[in-house]
Amino acid sequence: MNLILASQSPRRRELLGQMGFTDFVIRPAVGEEVADPTLLPDRLVEELSRQKCEEVAAASGADDLVIAADTVVAIDGTVLGKPRSAEEAHQYLHALSGEVHEVYT
């Protein structure tokens with residue numbers, strides 16, 4: 001059995017190490033995420049994580065254990081998607097600065 005982290009995130013890799021897991025494979029999902037805009041942020045992050053997990057699990061052994069996660073940021077009930085440009089990233093940061101917002105993982 002292999003433990004597989006379906007993520008390239010250095011932070012997620014670090015977290016697994018802090019929990020004592022040192023022998024795991026990093027195999028990020030590469031497929032396009034399908035985000036349902038009707039889902040609330042907590043359900044959306046679960047759905048995106050499930051998609052990643054299923055993709056990586058399909059290419060893994062039957063005994064392998066796949067860990068997948070995603071992160072969603074919401075402000076005033078609106079989910080901010082992945083920024084498509086540096087300008088959009090700047091707009092997101094400006095909108096979040098000094099404002100209450102939620103981060104779901």
Side-chain angles (χ1 to χ4, degrees):
M1 177 178 86
N2 293 310
L3 176 60
I4 301 171
L5 176 60
S7 175
Q8 289 183 359
S9 165
R11 181 66 180 136
R12 292 188 179 114
R13 183 179 321 142
E14 180 184 341
L15 286 169
L16 277 182
Q18 288 175 354
M19 291 187 295
F21 297 100
T22 57
D23 187 22
F24 56 91
V25 177
I26 296 172
R27 190 177 303 148
V30 294
E32 185 173 339
E33 296 176 345
V34 180
D36 181 346
T38 66
L39 293 177
L40 294 174
D42 59 336
R43 296 303 313 254
L44 177 61
V45 75
E46 289 176 2
E47 173 61 22
L48 294 173
S49 299
R50 184 192 59 75
Q51 289 175 26
K52 289 179 180 184
C53 189
E54 287 180 353
E55 177 190 327
V56 173
S60 302
D63 292 341
D64 292 341
L65 176 64
V66 178
I67 298 174
D70 203 88
T71 299
V72 170
V73 177
I75 185 167
D76 296 328
T78 301
V79 173
L80 302 181
K82 288 186 171 57
R84 295 177 297 250
S85 66
E87 181 180 332
E88 189 171 48
H90 178 75
Q91 291 171 350
Y92 285 178
L93 292 173
H94 182 73
L96 295 170
S97 181
E99 298 296 327
V100 174
H101 57 278
E102 296 83 30
V103 179
Y104 300 83
T105 298

Minimal heavy-atom distance between Val79 and Pro41, with the atoms involved, is CG2-CG, 3.8 Å
Practice prompt. Go through the side-chain N and O atoms of Glu47 and Gln51 and say whether any donor and acceptor fall under 3.5 Å apart.
Written response: yes
| request: Indicate if Leu15 and Phe24 have the same hydrophobic cluster label, given that clusters are the connected sets of ILVMFWY residues with side-chain heavy-atom separations under 4.5 angstrom. | output: no
Interatomic distance, CD1@Ile67 vs CZ@Phe21, rounded to 0.5 Å, equals 6.0 Å
Tightest non-hydrogen contact, residues Lys82 and Tyr92, listed as C-CE1, 4.4 Å
Tightest non-hydrogen contact, residues Leu48 and Glu33, listed as CD2-CB, 3.9 Å
Across all chains, not counting sequence neighbours, the side chain to side chain donor-acceptor pair (under 3.5 Å) partners of Asp36 are Thr38
Distance col, row Leu3:CG vs Thr22:OG1, nearest 0.5 angstrom, shows 10.0 Å
Review point. Do Leu93 and Ile75 share a hydrophobic cluster (ILVMFWY, side-chain heavy atoms under 4.5 Å, transitive)?
Key: no
Between the OG atom in Ser49 and the CG atom in Leu44, the distance rounded to the nearest 0.5 Å is 9.0 Å
Under 3.5 Å, side-chain donor or acceptor atoms of residues 94-105 against the rest of the protein: list the pairs with distances, not counting sequence neighbours.
| unit_1 | atom_1 | unit_2 | atom_2 | d |
| --- | --- | --- | --- | --- |
| His101 | ND1 | Glu99 | O | 2.9 |
| Thr105 | OG1 | Thr71 | OG1 | 3.0 |

Should Val25 and Met19 be counted in the same cluster of Ile, Leu, Val, Met, Phe, Trp and Tyr side chains packed under 4.5 Å apart? no
Ala6 and Val66 have their tightest heavy-atom pair at CB-CG1, 4.0 Å
Is it the case that atom CD in Glu32 sees more than 12 heavy atoms from other parts of the structure closer than 6.0 Å?
no
Residue set satisfying side chain to side chain donor-acceptor pair (under 3.5 Å) with Asn2, at least two apart, ordered chain then number -> Asp64
In this structure, CG of Asp70 is separated from SG of Cys53 (nearest 0.5 Å) by 12.5 Å
Tightest non-hydrogen contact, residues Ser9 and Ser7, listed as N-OG, 3.0 Å
For a 4.5 angstrom cut-off between non-hydrogen side-chain atoms, does Glu46 reach Arg43? yes
In terms of heavy-atom contacts, Ser60 and Ile4 come closest through OG-CD1, 3.3 Å
Exercise. Can you check whether Lys52 reaches Glu55 side chain to side chain, under 4.5 Å on heavy atoms?
Worked result: no
Subject >> Greater than 12 external heavy atoms within 6.0 Å of Glu87's CD >> reply: no
Neighbour count >12 (heavy atoms, 6.0 Å) for atom CD, Glu88 | yes
